[in-house]
Colleague: 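Here's a structure for you.
Hydrogens, waters and symmetry mates are skipped; everything else that's a heavy atom, side chains included, is used. We number each residue from 1, following the sequence as shown.
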Amino acid sequence: LGLQDSASPLMEQLIFFHDHALLILVMITVLVGYLMFMLFFNNYVNRFLLHGQLIEMIWTILPAIILLFIAFPSLRLLYLLDEINEPSVTLKSIGHQWYWSYEYSDFNNIEFDSYMIPTNELSTDGFRLLDVDNRIVLPMNSQIRILVTAADVIHSWTIPALGVKVDGTPGRLNQTNFFMNRPGLFYGQCSEICGANHSFMPIVIESVPTNYFIKWISNN
């Protein structure tokens with residue numbers, strides 16, 4: 001019935017825009033529905049009506065103005081999503097069939113693969129088709145830059161709670177940034193059809209306070 005609770009300022013803005021666009025859609029639907037309903041019940045006929053230039057101007061200009069109310073916030077959000085601030089941590093994500101590899105190049109090149117946990121090996125508190133054996137650990141309240149690429153076919157690194165969706169294309173490096181404003185576990189999946197027998201490529205981010213992140217880095 002709705003979007004996931006946001007965990008980043010960008011996702012909050014995306015939810016606001018969704019609600020804004022939905023309100024405009026509801027108003028248009030109600031107006032058009034009312035006009036169509038009333039057409040069934042009136043029997044007025046104008047014998048002298050040959051053209052209606054005024055009403056045609058109105059119903060051409062009015063929708064164009066309404067579209068501007070959607071276009072301007074949309075463009076603002078598009079530029080906000082592309083904004084790259086001073087990152088505290090850089091994470092590199094490489095898509096394979098059918099798992100992700102991660103590299104923390106800022107910290108002695110920590111590298112690991114992240115596979116989905118099979119259903120028969122899942123613990124009782126795990127999420128089927130969503131949990132992985134190696135989670136990404138990242139600090140909250142810090143600007144995180146993520147570089148995404150792929151080793152074989154096109155993948156897409158997607159975390160709905162953070163409002164992040166980056167395509168991983170072989171031979172190309174795409175980047176974006178996000179900012180997690182609360183601790184927790186955030187789940188996502190590859191949102192591309194990565195090939196034959198594509199099952200699932202889940203992503204799990206563990207958002208932790210900075211001192212826990214430093215301890216995790218020290219232990220690895």
Colleague: Are the side chains of Val89 and Phe107 in contact, using a 4.5 Å heavy-atom criterion?
Modeller: yes

Colleague: Hey, does Thr176 have a side-chain heavy atom less than 4.5 Å from the side chain of Leu81?
Modeller: no

Colleague: Within a reach of under 6.0 Å around CD of Glu86, are more than 12 heavy atoms found that belong to other residues, nucleotides or ligands?
Modeller: no

Colleague: Between Val164 and Val208, is there a shared hydrophobic cluster once you connect ILVMFWY residues whose side-chain heavy atoms come closer than 4.5 Å?
Modeller: yes

Colleague: Are Leu78 and Leu68 grouped together when hydrophobic residues (ILVMFWY) are joined by side-chain heavy atoms under 4.5 angstrom apart?
Modeller: no

Colleague: When rounded to the nearest 0.5 angstrom, what is the spacing between CD1 in Ile205 and CE in Met140?
Modeller: 14.0 Å

Colleague: Hey, quick one: are Val148 and Leu91 part of the same hydrophobic cluster, counting side-chain heavy atoms closer than 4.5 Å, chains of contacts allowed?
Modeller: yes

Colleague: Can you tell if the side chain of Thr90 reaches within under 4.5 Å of the side chain of Gln175, non-hydrogen atoms only?
Modeller: no

Colleague: Run the salt bridge (Lys or Arg N to Asp or Glu O under 4.0 Å) test on Arg135 and Asp133 for me, step by step, so that the C-alpha distance in whole Å, both residues' side-chain angles and the decisive distance to 0.1 Å come before the verdict.
Modeller: CA-CA 7 Å; Arg135 293 171 176 168; Asp133 54 359; over 6 Å; no

Colleague: Would His155 and Val153 count as a side chain to side chain contact (heavy atoms under 4.5 Å, CB included) here? Give the steps.
Modeller: CA-CA 6 Å; His155 298 280; Val153 296; 3.8 Å; yes

Colleague: Write down the atom of Glu192, the atom of Ser156, and the distance for their closest heavy-atom approach.
Modeller: CG-CB, 3.5 Å

Colleague: Can you give me the closest heavy-atom contact between Gln189 and Pro202, atom names plus distance?
Modeller: CG-CA, 4.1 Å

Colleague: Is it the case that atom CG in Asn120 sees more than 12 heavy atoms from other parts of the structure closer than 6.0 Å?
Modeller: yes

Colleague: Identify the heavy atoms of Arg182 and Ser6 that sit nearest to each other, and give their distance.
Modeller: NE-O, 3.2 Å

Colleague: Nearest 0.5 Å, what's the CG-CD1 distance between Leu31 and Ile66?
Modeller: 8.0 Å

Colleague: Does Leu122 reach the side chain of Phe127, with side-chain heavy atoms less than 4.5 Å apart?
Modeller: no

Colleague: Would you call the rings of Phe213 and Trp216 parallel, tilted or perpendicular if under 30° counts as parallel and over 60° as perpendicular?
Modeller: parallel

Colleague: Can you name the one residue among Thr29, Ile28, Val30 that meets side-chain contact (heavy atoms from CB on, under 4.5 Å) with Val26?
Modeller: Val30

Colleague: Is it true that Asp125 and Ser123 share a donor-acceptor pair across their side chains at a distance under 3.5 Å?
Modeller: yes

Colleague: Considering non-hydrogen atoms only, spot the tightest contact between Pro139 and Met180 and give its length.
Modeller: O-CE, 3.6 Å

Colleague: Please check if the side chain of His20 supplies one atom and the backbone of Phe69 the other of a donor-acceptor pair under 3.5 Å.
Modeller: yes

Colleague: Under 3.5 Å, side chain of Asn174 to main-chain N/O of Asp167, donor-acceptor pair present?
Modeller: yes

Colleague: Could you report the tightest heavy-atom contact between Ser218 and Ile214, atom names first, then the distance?
Modeller: OG-O, 2.7 Å

Colleague: With heavy-atom distances below 4.5 Å as the criterion, would you say the side chains of Asn177 and Pro87 are in contact?
Modeller: no

Colleague: Within a 6.0 Å radius of atom CG on Asn108, are there more than 12 heavy atoms belonging to other residues, nucleotides or ligands?
Modeller: no

Colleague: Indicate if Met201 and Ile136 have the same hydrophobic cluster label, given that clusters are the connected sets of ILVMFWY residues with side-chain heavy-atom separations under 4.5 angstrom.
Modeller: yes

Colleague: So with a 6.0 Å cut-off around OH of Tyr212, is the heavy-atom count from everything else above 12?
Modeller: no

Colleague: Quick one: does Asp152's side chain have a donor or acceptor within less than 3.5 Å of a partner on Gln97's backbone?
Modeller: yes

Colleague: Counting the benzene-type ring for Trp, do Phe186 and Phe178 have ring centres under 6.0 Å apart?
Modeller: no

Colleague: State, with a plain yes or no, whether a side-chain heavy atom of Leu162 is found less than 4.5 Å away from one of Met11.
Modeller: no

Colleague: Quick one: pull up CZ in Phe200 and CZ in Arg128 and give me the separation to the nearest 0.5 Å.
Modeller: 7.0 Å

Colleague: Using 0.5 Å steps for rounding, measure from the OG atom of Ser114 to the CG atom of Asp131.
Modeller: 9.5 Å

Colleague: Taking Ser74 for the side chain and Phe72 for the main chain, is one N or O donor matched with an acceptor at less than 3.5 Å?
Modeller: no

Colleague: Side-chain contact test, heavy atoms from C-beta onward, threshold under 4.5 Å: evaluate it for Leu138 versus Tyr104 and give yes or no.
Modeller: yes

Colleague: Any idea which heavy atoms bring Ser191 and Thr158 closest together, and the distance?
Modeller: OG-OG1, 2.9 Å

Colleague: Would you check, one step at a time, whether the test side chain to side chain contact (heavy atoms under 4.5 Å, CB included) holds for Val204 with Trp100?
Modeller: CA-CA 11 Å; Val204 184; Trp100 295 98; over 6 Å; no

Colleague: Quick check for you: to the nearest 0.5 Å, what is the distance between Ile55 atom CD1 and Thr60 atom OG1?
Modeller: 9.5 Å

Colleague: Side-chain contact test, heavy atoms from C-beta onward, threshold under 4.5 Å: evaluate it for Leu80 versus Leu10 and give yes or no.
Modeller: yes

Colleague: Is there a continuous path of hydrophobic side-chain contacts, each under 4.5 Å between heavy atoms, that joins Ile203 to Ile110?
Modeller: yes

Colleague: Output the distance between atom CG (Asn134) and atom CD1 (Ile117), rounded to the nearest 0.5 Å.
Modeller: 9.0 Å

Colleague: For Tyr99 and Tyr115, take the angle between the two ring planes, folded into 0 to 90°, and tell me which bin it lands in: parallel under 30, tilted 30 to 60, perpendicular over 60.
Modeller: parallel

Colleague: Could you go through Lys92 and Thr149, starting from their C-alpha distance and side-chain angles, then the distance that decides it, and tell me whether this counts as side chain to side chain contact (heavy atoms under 4.5 Å, CB included)?
Modeller: CA-CA 8 Å; Lys92 186 176 180 186; Thr149 187; 4.2 Å; yes

Colleague: Under the criterion side chain to side chain contact (heavy atoms under 4.5 Å, CB included), I'd like the reasoning laid out for Asn141 against Phe179: C-alpha separation, chi angles, the key distance, then a yes or no.
Modeller: CA-CA 6 Å; Asn141 295 330; Phe179 180 95; 4.0 Å; yes

